[in-house]
Amino acid sequence: MSSTTGSTLALDAEALYAELLRSLRPLLTADTRLVGIVSGGQWLAERLQADLGLPGQAGAISSTMHRDDFAKRGLSASGQTTLPFEIDGADILLLDDVLHTGRTIRAVLNELFDYGRPASVRLAVLVDRGGRELPVQADFAAARVALPVAQSLALARGDSGTFQFQVQDKD
């Protein structure tokens, strides 16, 4: 399940998305707000918002300003935080494509609490690849895979909106 062929992981992102959709549906309440981590998690949140028929729009959250490696990475050209709903008292379902070290989750939790105090925060990911550096665990992961430390896994979105995974060697 975790073999690589060229730069594409032999893992069906669309099938994992279908599993995520099916599994999250019964967990939603009237107070649940979807928040996707820029960019893969944001794509998931937007598509789930539509496929679940939820009113309004999903939120997007950036880890840029709270990264512990900000000095090395600098500002990202990717999207910024947009939370079009009240955070205080909300049940936040945080979405990301791949959970690895836990550093991005730590950063977005800090960002989220800059906007208010949610009643709860749950994490759902398409893939948990292990390798945690921080005590972070997903409440739901559609798949668990192992990759060499020297490789990264990222969700890509085609022009038609379909998902696929890409494996890249880290610099």
Side-chain angles (χ1 to χ4, degrees), residues 1-25 27-28 32-52 54 57-64 66-67 69 73 76-83 92-112 121-134 136-171:
M1 187 173 214
S2 63
S3 64
T4 58
T5 308
S7 65
T8 303
L9 184 68
L11 193 61
D12 186 342
E14 283 296 319
L16 293 178
Y17 174 78
E19 176 65 18
L20 182 71
L21 176 65
R22 184 188 65 72
S23 298
L24 293 183
R25 189 180 304 273
L27 302 178
L28 303 177
T32 302
R33 302 294 178 260
L34 303 183
V35 177
I37 299 172
V38 173
S39 61
Q42 180 180 1
W43 299 335
L44 290 171
E46 289 168 354
R47 189 162 159 193
L48 283 165
Q49 187 86 15
D51 290 349
L52 291 166
L54 300 175
Q57 69 182 70
I61 194 160
S62 171
S63 65
T64 301
H66 291 281
R67 293 288 306 206
D69 56 357
R73 293 171 59 124
S76 172
S78 61
Q80 299 300 312
T81 297
T82 306
L83 299 169
I92 301 296
L93 181 56
L94 190 60
L95 296 147
D96 204 7
D97 53 353
V98 179
L99 176 59
H100 185 213
T101 64
R103 292 187 175 300
T104 297
I105 303 305
R106 184 208 52 83
V108 298
L109 287 172
N110 287 342
E111 176 82 357
L112 183 64
V121 180
R122 293 177 290 160
L123 175 62
V125 299
L126 279 185
V127 174
D128 180 344
R129 65 169 285 186
R132 224 65 89 236
E133 296 174 6
L134 298 172
V136 172
Q137 178 176 320
D139 295 289
F140 177 83
R144 299 185 194 296
V145 301
L147 283 177
V149 174
Q151 290 184 323
S152 67
L153 176 64
L155 189 66
R157 181 173 65 174
D159 292 338
S160 65
T162 59
F163 296 134
Q164 60 274 342
F165 284 107
Q166 294 180 335
V167 176
Q168 300 169 344
D169 292 327
K170 293 181 181 176
D171 297 333

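The figures that follow rest on heavy atoms only: side chains count, while hydrogens, waters and symmetry mates do not.
- Here the shortest heavy-atom pairing between T32 and L27 reads OG1-O, 4.4 Å.
- Judged by distance alone, the side chain of T162 and the main-chain N or O of G158 form no donor-acceptor pair under 3.5 Å.
- How far CD of Q164 is from CD of E14: 8.0 Å, rounded to the nearest 0.5 Å.
- When every heavy atom of A138 is checked against every heavy atom of V125, the shortest pair comes out as CB-CG2, 3.9 Å.
- R106 places a side-chain N or O within 3.5 Å of a backbone atom of H66 that can act as its donor or acceptor partner.
- Here the straight-line distance linking atom CZ of R122 with atom CG of L28 works out to 7.0 Å at 0.5 Å rounding.
- Contact record, F165 with V98: CE2-CG2, 4.2 Å, taken as the closest heavy-atom pair.
- Just one residue in the list L16, D97, L44 forms a side-chain contact (heavy atoms from CB on, under 4.5 Å) with F163, and that residue is L44.
- Using a distance-only test at 3.5 Å, with no hydrogens or angles considered, no donor-acceptor pair links the side chain of Q42 to the main chain of G36.
- Across all non-hydrogen atoms, the minimal contact from L83 to A60 is CD2-O, 4.0 Å.
- The CG atom of N110 lies 9.5 Å from the CD1 atom of I61; values are rounded to the nearest 0.5 Å.
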> Checking side chain to side chain contact (heavy atoms under 4.5 Å, CB included) for the pair L112/L94: CA distance, chi angles, key distance, verdict?
Replying inline: CA-CA 10 Å; L112 183 64; L94 190 60; 5.7 Å; no
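- R132 places a side-chain N or O within donor-acceptor distance of the main-chain N or O of V136, the cut-off being under 3.5 Å.
- Nearest heavy-atom pair across S63 and V108 is CB-CG1, 3.7 Å.
- Judged by distance alone, with hydrogens and angles left aside, the side-chain atoms of T81 form a donor-acceptor pair with the main-chain N or O of S62 at under 3.5 Å.
- Pairing each heavy atom of L155 with each of A13, the nearest pair is CD1-CB, 4.0 Å.
- Between the side chain of D139 and the backbone N or O of L123 there is at least one donor-acceptor pair closer than 3.5 Å.
- Residues that satisfy the side chain to side chain contact (heavy atoms under 4.5 Å, CB included) test with A124, not counting sequence neighbours, are L20, L24, L93, L95, F140.
- Taking CG of D51 as the start and CZ of R22 as the end, the distance is 15.0 Å to the nearest 0.5 Å.
- How far CD of E46 is from CG of L34: 10.5 Å, rounded to the nearest 0.5 Å.
- In terms of modelled atom types and a separation under 3.5 Å, the side chain of R129 and the main chain of T101 share no donor-acceptor contact.
- Within the model, atoms OG of S152 and CD of Q168 stand 4.5 Å from one another, a figure rounded to the nearest 0.5 Å.
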